[in-house]
Structure formats: C-alpha cells, structure tokens
Amino acid sequence: MVSGMLGEYDKKRDFRRTPEPAPTAPAAGAGPLLFVVQKHAARRLHYDLRLELDGALKSWAIPGGPSLDPQVKRLAVMVEDHPLDYASFEGNIPAGEYGAGQVIVWDRGDYSPDEEGKLSFGDRDEASERLRRGLAAGKLSFTLRGHKLKGSWTLVKMKRGQNDWLLIKHRDEQADTAKNILDKDRSVVSGLTIDNLKAGKKASAPTSTAPGLDNVASARRTAFPARLAPMLASSAERPFSDPDWLFEPKLDGYRTIAAISDGRVRLLSRNGLDVTEKYAVIVESLRRQPAASLVLDGEIIALDEKGKLCFQCLQGYLESMGRRDNQGPAAAAIIYYVFDILYLDGYDLSGVPLTGRKEVLDRVLSTTPAMRFLEHFEGEGEVIYHAAIDQGLEGVLAKRKGSVYKPGQRSPDWLKIKSVKTDDFVIGGYTPGTGNRSHSFGALVLGYYNDKDRLIPAGNVGSGFDDRLLTDLKSRLDAIKTERSPFEAKVDLNTPVTWVRPELVAEVKFSERTRDGRLRAPVFLRLREDKTPDQVRVSLGDTKAPSGRTKEAGPADDPPPRRAKDAVEDVLVQLRRPEDNLTIEVEGNRINLTNLEKVLWPGGGKQPARTKRDLLLYLAGVAPYLLKHLRDRPLTLSRYPDGIDGEHFWQKHWGHPVPEFVATAPLSEHGRKTHDYLLCNNLATLLWLGQVADLELHTWFSRVIPGPDRDIPGDLTEPAEILDFLTSYPDFIIFDIDPYIYSGTESRGAEPGLNKKGFTATCEVALWLKEILDGLSLSAFVKTSGRTGLHIFVPILRHFDFHAVHAATRTICQFVLQRHPASVTTEWAVEKRTGKVFLDYNQNVRGKTLASILSPRPSPEATVSMPLPWEGLMKVYPTNFTVASVPAILADSGDPWAGILDAKRDLKALLDSGRKK
DNA sequence: GGCTTCG
DNA sequence: CGAAGCCAACGCAAG
DNA sequence: CTTGCG
Ligand SMILES: [Mn+2]
Ligand SMILES: [Mn+2]
C-alpha cells in the first residue's frame, strides 16, 4: 500500500523498535479524508500536521504550532510522507530512533479542500484530486473538523525555501484572535500530555465515546456553548395526533440543564442559576457519564414514598438543604429525567432534528436510579394525553420530530398541553383579608408585562392558600411593600390595595380568561421561585406559529424586549473591555472585532473624535429600537474602513460567505439574475456591520416577507419570483426633503452644508407637507436625515407597487409645490434648486434606499438619522443627535417611530381620486 | 475590512 | 509574506 | 438617444 514516496520515512524508521500504532486506526479508503496533528517533543518541540492523501499522510512540521488568529502565520516545513496508520501513533520513540521523544495525537478529525467555499467531505476522489492540484500549485485551502482545530485554513508555499510553507487560519467563525489553542495540551485520544508520557504514563483506553457523531447529519463541531438556556414550549389547548410529532409526559419539577466540561459538572436552572450544590446524587451520576463534554436538558422531580410525582416533596427537599427540620412531605427520591442532548464531545447537536438527538441521547446516557431517560411516545396524542392525566401528571409535551433545539427561545415546535390552564403572573399587591384572614390577606393582585415592559393587571387570586402559605406569603409581601402601584394603569378594585414591588411570580390555575384579560375561577398553585418577573409576558412567542396550534403567536421573529435588552447589556459589557481587538459573543454567535480604537470620525475643533468602539457601543445601544426597522429589508452598505475621511465605497453584495448569523435574500431586477442582499435581522449582524465599518445603514422601503397586508399570489412558485414580487410593494411613501440654501462657506460646486436657515426652511416645508398628509388621512413620521434635511415616511398597506406609490407621491408633491412655489422645488437639475427646499419624491422606486432611521452618518459630528415627534420639530437641530447622545435620548423618551408599521393606511382613496382628476 | 490575486 | 485592487448599477427625469 | 441624478 505504501510505495515510493514513503521510502525516505522507511529508511529513517525501524518499525521493530518503535511501538505499533494504536489499533484505533481509521478505516482507510472510506469516508472523508483524515487529518491529524501530532505534538512531538523531539529535539525541538513541534506539531506535525498530516493530511491523508493517496493512502499516505502529507506532512508538515510546524515549530510554532497552529494559531487560530488569522493574522498569525506559522512556518510549516513540508516533511516526508508518513504511512497512514501513523496517524494514530502515540507514545515514546526510543532514543536513537529518528524523531526520538514523545508523541501525542494532539488533534485529529477529517478534512476537505474548501476552495471557492466548496467542500468535498462526501467525495474522497474529488477531495484527493483537489488536494493534489493544490499541492502542485503551492497553495492549499482546507477545512478541518477536529476537536481543537476547526474551520478553514490555508497552507501556502513560500517563494524561498523548497519545503517552506505557511499555515494560516482563514477568517471564519472559528477564527479567534484571543484564544491560544495550544493551551489545550492533551491528547484527544488518550487525554495524556507530553509530560505524562515523559513521566512514563501509558496511554489507556480512549475516554470519549462520541458515538459516530460524524454520521449524525447536522451535528456540528463547535466549542462548548458559552451560554446554556433551555428551549421553551408554547401552549396548545387540546391534544392532537400527528405522525410528525412525538409526546412526552409533562413532569412537574424544575427544568434543569446539566453541563459537563473541563472536568466540571454543573446543573443550571431555567434561569441559568447554578444549582449544582443542591443535587449531589445527580451530580454523582453525571460524573459517571462517558463523555468529556456534554450538555443535557431535563426535569428534576421528586417522588414520595408511594412513588408518586410530588412537587411539594421537591420543594421540601430544597428548603431543608443543610437543615433537618423539614416539615412537609418527604422526598423519597430525587430524579433527573433527561429528555434532550445539546452537546457531546465537541459536537453541537442543537441543529440535529429532535428524533436524532433522542437517538444519540439514548445511546450515550448511562442511566442511574437518579438519572433517567424520559421515555416518549408516538401515535394518538389524545390517548397519550389522557393516560398522562390518569397517572396524575399535568399533561403532555408535544414536540415536532424534525425540530431543532433553539436555546432560550419559546418555540411552536414544542407545545405543552395541560389538563388545567395555569399561567404565571407577577404579584403586584394584595387586598386586605376578612374573618380569619384579617391578619394575612384576602387576594393577590396579579399582572403580567406587555411588550413595552409595562405591568398590566390580570385580576386577583384569593383561593388556594393554606394557613402556612398565607403567613409565609404575607411576610414576604410585606418585605417588599411599596407606596406606588407597579401597574401601568389604574387597577379597578373596590377594596384598597397594598402595593408590592413586582418581584414575586405566582403560578395560578384558572378556568378561563375573561374578555378583559382577567381570570375566571383562579386558584393559587405556587410561587415560581425559578422564574423572574420580567419573564411573565403576554406572549414570549418568538416564531410564527405555522401550524396554527399555538395559543398565541408571537409578534414576529423578534426576541421579547427584555431578552433583547439582556443581550444588549451583555454586549455593552464586552465592548467596554479596553482591548483594541476582541472576540465577543452575541446571542450565541462569536464576532471578532478589530481596531476598536480606530478613529472613524476624527472630530476636530470642539468636535470629539469617535472611534469604532463608539460606533459599536452606539449600534448595541440603539439595537432594541433599531432592529425592528431594519428587519427583512435589503440593505446597502456604505463603508468607511478608514474613517469618514478615508476611502468610501458602497456595497450591496457581500460576495463572500457571510457569517452564519447574517440573513440574505436573493433578489433580481426585473427577473434578471439574482444577487444576494444582506438583511440585518439580529443584533449579531448589526455589530458585524459595525465591525466591517459600515457606517451607514441604507434600507429598502419594501420587505422580503409577506404579511397581513401582502399575500403571495398562488401562481408564484419560484422563490426568486416571490421575493421580487414582495419587494415591489413598499411599506412607506417617502419624501426626502433637502435644503438647497447655501451657508456661503461651501467650497465651489459642493452641495449646501448644514445651516440654521436651511434647516428651518426644511422643517417649514415638512410641516406643510404634514398638513396635506393629515388632510388625506395619512399618518406621517419625521426624522432628521442626519445631514441637512428631513425624511418623511408615510406607512401604507402593501396594496400598491412602487409605480403606483411613486405616482401618488408625485401628485402630493406637486400640490405642495403649487401652494408654496417660492420656497419649494421639485426640479431635477441641481442649479434650479438653489435657494429653495428640494422636495424629492423620486426615491419611491424599488431598490432605492435612504439612510435608515438611526443610521449613523459620515458627518463631522457623527450625527445619526433621528426619529422625532412632530411637536417641537422646529426646536431641534440635526447635530443634537449623535452616536454619543442618541442611546440615552432613546432610553429616556423612546422611539417615536416604534408604531410606524401599525399606522399603515390604505392608499386606495387617494389613488382613486387621482385617477378621476 | 475582508478577501483575492499577484509577485 | 506584502502590495494592490475590488467592493452599486437602476430607473426615472429631462434635454 | 444621452446625460444627470440619487
Ligand atoms: Mn515530527
Ligand atoms: Mn436627503
């Protein structure tokens, strides 16, 4: 099998004296090509990178070892081919042998050439051929799938030196400027270090049992997840049968995520609180799991002496931690019922369909009495549901078999179906009790948060308490008593209420909700110690409900405001670290940030300079307001990598693979070939745009998704056709108002600069326009452009395409022009606009853009396009609103444009009347 | 700023 | 490795 | 048709 090219190696090596390669050598000639990196303490410590090709291992010795930093280039000296089975060699090479010293398998996995972003993992012959071509050309690009090394790398042959190559990490998700991967110094096969070998330790059995995860479709090799959050279920009213769904009994306990990493076991509550200390037995079971790193999801429950599920027993168990005075029913057993696996030995399984994850879990889990696999059922949902109720369970969880795990998200792919309706509410106060309750309280006043973070009253609950609970609750409530009502609106009660700070959450059972959102026949069940008040919301839904089974569909894809704010806070903290380069984590995505101290707005005079860090802080700060305006709108980037005085270019298409968190949409102009447009639908993308020095955000006025005001006609089937169609229907009429009133300080031929007179005139025109729009029953929203003028957006139902909207806008502008011919112009020739305010309706065309709301601008002051209330328009000035000032202003007064898409009007009347004239 | 290509 | 180049492109108004 | 415009 080994021929000519290996001759050199054979000469140098005497196989009789060196240990045989371990018997775990991979099956040659099947599956993806193999790579291995051996750490080799020879005369000089180095790492040997070996790539399988044609039955042998192409090899490079890398003195510096690989680096995850794309800026770091490491010398890689090509050495002789090694035989394929050397890939699993680990141990001592005796003194006197070639390469004497210790060798560990520092990393291994598979690889594929990846030129042009095309991978050949599935085709050995193709992969081999591509590698041969790369070798001949002196340039290799390949993707590694190992334990330590992942992502795309390149080996380039240097001009000088026959065998001198450079190993460079490509920029991708796995690139990391901060982490030194060489810190991980253990063998991925034996767990041993070079030092262990020196000390005479023998490699024993492999420690990982990752059961062929390479074969589980959609399992991804990733770093251990930094954040662990359970996926949440939506509610459904009734059980159902569907072959695409499976059913689990719903256990009444504490939702818990178990994590094993770096030899440490952790148990995390639904809120991420570390509860490891509370469950010693379960921790012990976890320690015995045959995995080096692992994340499980499940429910911790308690059984009473009769073997029945007993939530009270669990509470008693937790309360009596460290004490022996527990009074409630005793827990006979504490059990962790595991129903999901999210991560295993380097593989992120969250993208694997549910049934796949269950299969892996079943194989991997070593069950113990304290840790069990939660069985699931298929078939008649109704039968399973009633069986569960008969067992005294709360109900069932229906889970879509093909669904992926979405950490921290409430998904319509998981539905809880309960026998009694219960919900969680924030306790906002209590009413006085009478009779034997006069010393405690009568009822708890309940509420929940709406999407504006306001506490909305939801009625009272006055039953379900026993004496102990009454006194207990009373003292806890009195400790958080407050003068002011925590509720948004007046609470309509005919008894006085003692208000409390909204800090406690109650689970309440009820028969139904009344029309006004109150509860009928409410019964207090328990305090939710594991839930914080801000999690109590109308709807946490974060995806559309495709099946229509969910009780309440979420608003859209947006995470709920509170979570969004947490994510932002998280980012702000990371951004403030004083390093010039940072890798930050944003909602589970890694973003490499560079040159944070680079000045993008130089300032000058009294103007402070603004850096890239300032830009990113701004973007994160306004993200909770900005993202909804950007969502699903194609973007045009306006980039200034070297600041506003440096080179500038527009960019519509990224032209390279985008980070996985960036959404794109293929659009075409009138049916010609499509181009991928970027969409900014999440915080990570927004920050990435900052990283690539996209100073301005220019968005389309149409979106790539349908909605209540815009269906897709049945005869459109091609995705490209559909997107082109959808993007032809604008959400707004827009007016771009620019003063052509010169300050006199402009250089010759330049556009007019910002000046008081011009801006005042612009505001005046805007107000005239508003008057007319009001008369047409249209709603108008105004913002500064951030430069010299104003933008007026008029939200409309998506019933008319750009052509119709354009025509209507022209009519409106002509009307304004007629009334104020001395100050307004719609002239297309620039010279003819001089001294007047240019009212531009010509942007109402598909594919045209304007600097979006809250877009930073390349002005000396680092201004942004600021949404404003109409009142007091004349009193503001564009330079009041900068990347430095706006986050605080928004936090203070909110976004006047927040409701713009809810203020849509029908343009029909206007168009009809226009047609008549 | 990221990436490719060329030397 | 270092230097240099690329990174939008359409449709409407008006002459 | 070309050119200017954003
Ligand atoms: Mn070596
Ligand atoms: Mn403008």
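Letters go in sequence order (proteins before strands), and every chain restarts at 1. Source: prediction; values computed, not measured.
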What integer number of Å spans the P atoms of B/dT4 and C/dA8?
15 Å
Nearest 0.5 Å please: distance from the CG atom of A/Leu616 over to the CG atom of A/Leu687.
6.0 Å
Scan A/Asn595 against the nucleic acid and name what it touches under 4.0 Å (heavy atoms): base, sugar-phosphate only, or nothing.
sugar-phosphate
Which part of the nucleic acid does A/Val830 contact within heavy-atom distance under 4.0 Å: base, sugar-phosphate only, or nothing?
sugar-phosphate
Protein heavy-atom contacts under 4.0 Å, written 5' to 3' over nucleotides 2-9 of chain C as B (base), S (sugar-phosphate only) or - (none), form the string -----BBS
Does some side-chain heavy atom of A/Ile900 sit less than 4.5 Å from a side-chain heavy atom of A/Asp731?
no
Measure from CD1 on A/Ile168 to P on B/dG2 and round the result to the nearest Å.
16 Å
Taken to the nearest whole Å, CG/A/Leu582 to C1'/B/dG1 is 16 Å
Starting at atom CD of A/Glu827, determine the distance to atom C1' of C/dC12, rounded to an integer number of angstrom.
15 Å
Measuring to OP1 and OP2 of C/dA13, would you say a side-chain N or O of A/Arg810 lies under 4.0 angstrom away?
yes
Looking at residues 832-844 of chain A, who's got a heavy atom less than 4.0 Å off DNA chain C?
A/Lys832, A/Asn842
Rounding to an integer number of Å, can you tell me how far A/Trp828 CH2 sits from C/dA14 C1'?
10 Å
Indicate, with a heavy-atom threshold strictly under 4.0 Å, whether A/His698 touches base, sugar-phosphate, or nothing.
nothing
A/Met78/A/Leu155 under side chain to side chain contact (heavy atoms under 4.5 Å, CB included): CA gap, chis, key distance, verdict:
CA-CA 10 Å; A/Met78 195 172 202; A/Leu155 268 170; over 6 Å; no
A/Arg846 CZ to C/dC12 C1', straight-line distance once rounded to whole Å:
15 Å
Examine A/Trp768 together with A/His820 and report whether their ring centres are nearer than 6.0 Å.
yes
Just the rounded figure in Å: distance from C1' of C/dC12 to CG of A/Asp801.
15 Å
What integer distance in Å separates A/Lys848:NZ from C/dA13:P?
10 Å
Might you work through the side chain to side chain contact (heavy atoms under 4.5 Å, CB included) test for A/Arg703 and A/Arg710, ending with a clear yes or no?
CA-CA 10 Å; A/Arg703 285 176 289 162; A/Arg710 184 66 269 159; over 6 Å; no
Quick one: do A/Val824 and A/Lys836 satisfy side chain to side chain contact (heavy atoms under 4.5 Å, CB included)? Show the steps, please.
CA-CA 5 Å; A/Val824 174; A/Lys836 298 186 178 178; over 6 Å; no
Report which part of the nucleic acid A/His806 touches: base, sugar-phosphate, or nothing (heavy-atom distance under 4.0 Å, all strands).
sugar-phosphate
Do any N or O atoms from the side chain of A/Glu746 and from the backbone of A/Ser743 form a donor-acceptor pair under 3.5 angstrom?
yes
Is there a donor-acceptor pair under 3.5 Å between the side chain of A/Arg613 and the backbone N or O of A/Glu597?
no
Check: A/Thr685 side chain, A/Phe661 main-chain N or O, donor-acceptor pair, under 3.5 Å
yes
Base, sugar-phosphate, or nothing for A/Lys139, non-hydrogen atoms under 4.0 angstrom?
nothing
Separation of B/dT4 atom C1' from A/Glu115 atom CD, nearest Å, is 13 Å
A/Asp724 and A/Arg846 ion-paired at < 4.0 Å:
yes
